[in-house]
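What follows is a set of notes on a single structure, which appears directly below.
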Protein chains: 2
Amino acid sequence: MFKSVEWKDGSVRILNQTKLPREIIYVDCKDVETVAHAIRSLFVRGAPAIGIAAAFGIALSGENSTATSCLLFQSEIEKVALLLSQTRPTAVNLFLAITRMKETLKAHAEEPILNLKKILLAEANAILNEDIAANCAIGKLGASFIASGDGVLTYCNTGALATGGYGTALGVIRLAHEEGKKISVFVPETRPILQGARLTMWELLQERIPATLITDNMVGLMMRLGKIQCCFVGADRIAANGDVANKIGTYTMAILAREHGIPFYVAAPTSTIDFNTASGDQIPIEERAHSEVTHVSGVAFAPDGIAVSNPAFDITPAEYIRAIITEKGIFKPGEILQ
Amino acid sequence: MFKSVEWKDGSVRILNQTKLPREIIYVDCKDVETVAHAIRSLFVRGAPAIGIAAAFGIALSGENSTATSCLLFQSEIEKVALLLSQTRPTAVNLFLAITRMKETLKAHAEEPILNLKKILLAEANAILNEDIAANCAIGKLGASFIASGDGVLTYCNTGALATGGYGTALGVIRLAHEEGKKISVFVPETRPILQGARLTMWELLQERIPATLITDNMVGLMMRLGKIQCCFVGADRIAANGDVANKIGTYTMAILAREHGIPFYVAAPTSTIDFNTASGDQIPIEERAHSEVTHVSGVAFAPDGIAVSNPAFDITPAEYIRAIITEKGIFKPGEILQ
């Protein structure tokens, strides 16, 4: 089984997802700048996986540190935390993992540097392992919403690649399949980066879960034809009022689901909930390079010199979401603060 | 000004739109098989342009005929009409143009073959010229729905490339711009063939009409952000009850427009109305090659050996359409039969 991020022989090993599924290339990051570049360039993506990568990035710079005083060590880690926090603005798991690593360091400020290095690495591994455990719990809770015979829509990639392992929304689908339910998964390709076509179809193929690739604009037709009974997506940040930031297009899928009377579920660990953000309007939306839209596989197809918009996420208001499935239970979006 | 289809020196000259905008390649079709291949392979696409290409294809086989009797000539044309009618199943303009050419031939059954050849070519040119005139009339009627300052969504390509010239939905936008209205056009790329990114952006760039390319899954967000005030799309076939078959994704755009209270207009010549089809459910939807979804510019990005769905069109029920703009006037979808 592949791992999107792991600690390997003193390096952070990251699977370069931009090359999947045609090439399987691991990058052994030996410094935190390489980790930051891997996050920024989408070698590793998916809110939980980004958080894990950042935690290992901090552990890595701890390992590499030649600081001679705890104060110097602490100041190095602060700089690294700032660098990592500027890689991607939307997924809250990134900031949560960075804050947790910094707080762990502060809680052990009296320890010698050699111990601090071990403590940081142990904390990063804990974040990884907690994420895998959360995914398994989410899968068990969420699979109850899937009946044998269902057509299931998922979106983008929320699988083992996007997390520490197993997956959130795709974990729910994986567990329903493991339970022996006969399901058929519909996978929109997820432009512009094609995570659905490249990553989700690859994971489903490996698990032999029946799946059909469609373009994003086919979802309405598939729903109208009665091929889809439920939808499961992940989240990059959940605001306190239950609004959900997720891959661009999620909002469109949610509207289509409601129009056709199909339940729309968000599956995400509680680490994705941001109690400091009151509503979706306050979540910053990353605008990415226009070449992501005008090129596929490095080949340009649109005319040169045109205006392009490339927001990487959109906000799905709470009213469109039937329930949020977390490792701690299933909530209505409006119940988060309760 | 480019022409998508024209009669040139005894050949049917077709602009190969699959190579646009990176390469401008004209194909001089010297036999009807080449015309049929050009239609099937999307060298020429867009419901009105397909009809025009088929009409010229019939005129071409008339020109090339060495038949020695009118009966033989007639039988050759019948065979050619059958071949052309099997190229694409959804756009009704194709069948209308073929029927019109056959009926023209029957109406002049007594004429010598040399005259028949001229009559067929004149009829194909008439179909072309009537389409251009219809587009100009549609543009004038439709532009009244666009106010200065509007953000206008269009979809796929309904411009000069898709028609005899000028365009239907894009003709409306073109005329609003010519009238001096300050508009901003939003162009979804239109997967899988990317007609929006490749063709509509190219036409708008040439006309210097401000336009922004987006992926299809960004439309919901753009509407929520208040960037779009009205939507104009074309049609491949309009059923008698006002249901509209158009490029896959149109149905999704129409649902999004209604959810955001944005008017959704269909602009099409009356040649696109099929009075013999009671409702959209009866319109055949073409399923195209899966490689259109799994490849862009000939490069594969999805894993091999997966299931793919590739319906080229969907049906937008009449209830989602504010009005249908034709060269003969503006109708509510339910008024077609009146």
Side-chain angles (χ1 to χ4, degrees), chain A residues 20-22 155 186-192 194 197-198 201-202 204-205 210-222 224 227 247-256 258-260 285 290 293-294 296-311 313-315 317, chain B residues 20-22 155 186-192 194 197-198 201-202 204-205 210-222 224 227 247-256 258-260 285 290 293-294 296-311 313-315 317:
Chain A
L20 285 177
R22 316 302 295 187
Y155 191 58
F186 285 84
V187 182
E189 60 181 0
T190 319
R191 281 281 288 147
L194 298 162
R198 296 189 300 105
M201 287 303 293
W202 186 64
L204 291 168
L205 193 65
T212 303
L213 176 65
I214 56 176
T215 56
D216 303 326
N217 54 17
M218 291 176 192
V219 172
L221 175 62
M222 294 301 155
R224 188 159 185 95
K227 290 179 187 282
K247 179 53 51 199
I248 184 73
T250 304
Y251 173 53
T252 289
M253 307 293 153
I255 290 173
L256 292 172
R258 192 162 79 167
E259 184 77 8
H260 294 90
I285 299 294
H290 295 171
V293 172
T294 54
V296 167
S297 307
V299 182
F301 51 80
D304 298 325
I306 59 171
V308 176
S309 191
N310 187 21
F313 305 92
D314 60 23
I315 308 293
Chain B
L20 284 177
R22 316 300 299 186
Y155 192 58
F186 286 84
V187 182
E189 59 181 359
T190 318
R191 281 282 287 148
L194 298 162
R198 295 190 301 104
M201 287 304 294
W202 186 64
L204 290 168
L205 192 66
T212 303
L213 176 65
I214 56 176
T215 56
D216 302 328
N217 55 16
M218 291 176 193
V219 172
L221 174 62
M222 294 302 155
R224 188 160 186 94
K227 290 179 186 282
K247 179 53 52 199
I248 184 73
T250 304
Y251 173 53
T252 288
M253 307 294 153
I255 290 174
L256 292 173
R258 192 162 77 168
E259 184 77 9
H260 295 89
I285 299 295
H290 294 171
V293 172
T294 55
V296 167
S297 307
V299 182
F301 52 79
D304 297 326
I306 58 171
V308 176
S309 191
N310 187 20
F313 304 93
D314 60 23
I315 308 294

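Sequence lines set the chain letters: A, B, ... in the order given, protein chains first and strands last, and positions in each chain run from 1.
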Side chain to side chain contact (heavy atoms under 4.5 Å, CB included) for A:Val293 and B:Leu213? Distances and angles first, verdict last. CA-CA 8 Å; A:Val293 172; B:Leu213 176 65; 3.8 Å; yes

Where is the tightest heavy-atom contact between A:Ala307 and B:Ala211, given as atom of each residue plus distance? CB-O, 3.4 Å

For B:Ser309 and A:Ile214, work out which heavy atoms get closest and say how close. CB-CG2, 3.9 Å

Distance, nearest 0.5 Å, that separates CZ of A:Arg191 from CD of B:Glu189: 4.0 Å

Assess whether side chain to side chain contact (heavy atoms under 4.5 Å, CB included) is satisfied between B:Met218 and A:Asn310, documenting all intermediate values. CA-CA 8 Å; B:Met218 291 176 193; A:Asn310 187 21; 3.5 Å; yes

Given a strict heavy-atom distance threshold of 4.5 Å, which part of [X] is in contact with chain B: side chain, backbone, both, or neither?
{"X": "A:Ala254", "value": "neither"}
{"X": "A:Leu221", "value": "both"}
{"X": "A:Leu194", "value": "side chain"}

Report which part of B:Pro317 has an atom under 4.5 Å of a heavy atom belonging to chain A: side chain, backbone, both, or neither. side chain

Portion of B:Phe186 that has a non-hydrogen atom of chain A nearer than 4.5 angstrom: neither

B:Met201 and side chain to side chain contact (heavy atoms under 4.5 Å, CB included): which single residue from A:Ile306, A:Thr294, A:Val308 fits? A:Ile306

Under 3.5 Å, is there a donor-acceptor pair between the side chain of A:Asn217 and the main chain of B:Thr252? no

Is a side-chain N or O of A:Arg22 found less than 3.5 angstrom from the main chain of B:Ala302, in a donor-acceptor match? yes

For chain A, find which of B:Ser297, B:Pro21, B:Pro303, B:Gly249 contributes the most heavy-atom pairs closer than 4.5 angstrom. B:Pro303

Among the options B:Val219, B:Ile285, B:Asp304, pick out the one with the most heavy-atom pairs lying under 4.5 Å from chain A. B:Asp304

Contact between A:Leu256 and B:Ile255 at the side-chain level, heavy atoms closer than 4.5 Å - yes or no? yes

Most contacts with chain B, counted as non-hydrogen pairs under 4.5 angstrom, among A:Lys247, A:Glu259, A:Arg198, A:Met222: A:Glu259

Residues in ring pair (Phe, Tyr, Trp, His ring centres under 6.0 Å) with A:His260, at least two apart? B:Tyr251

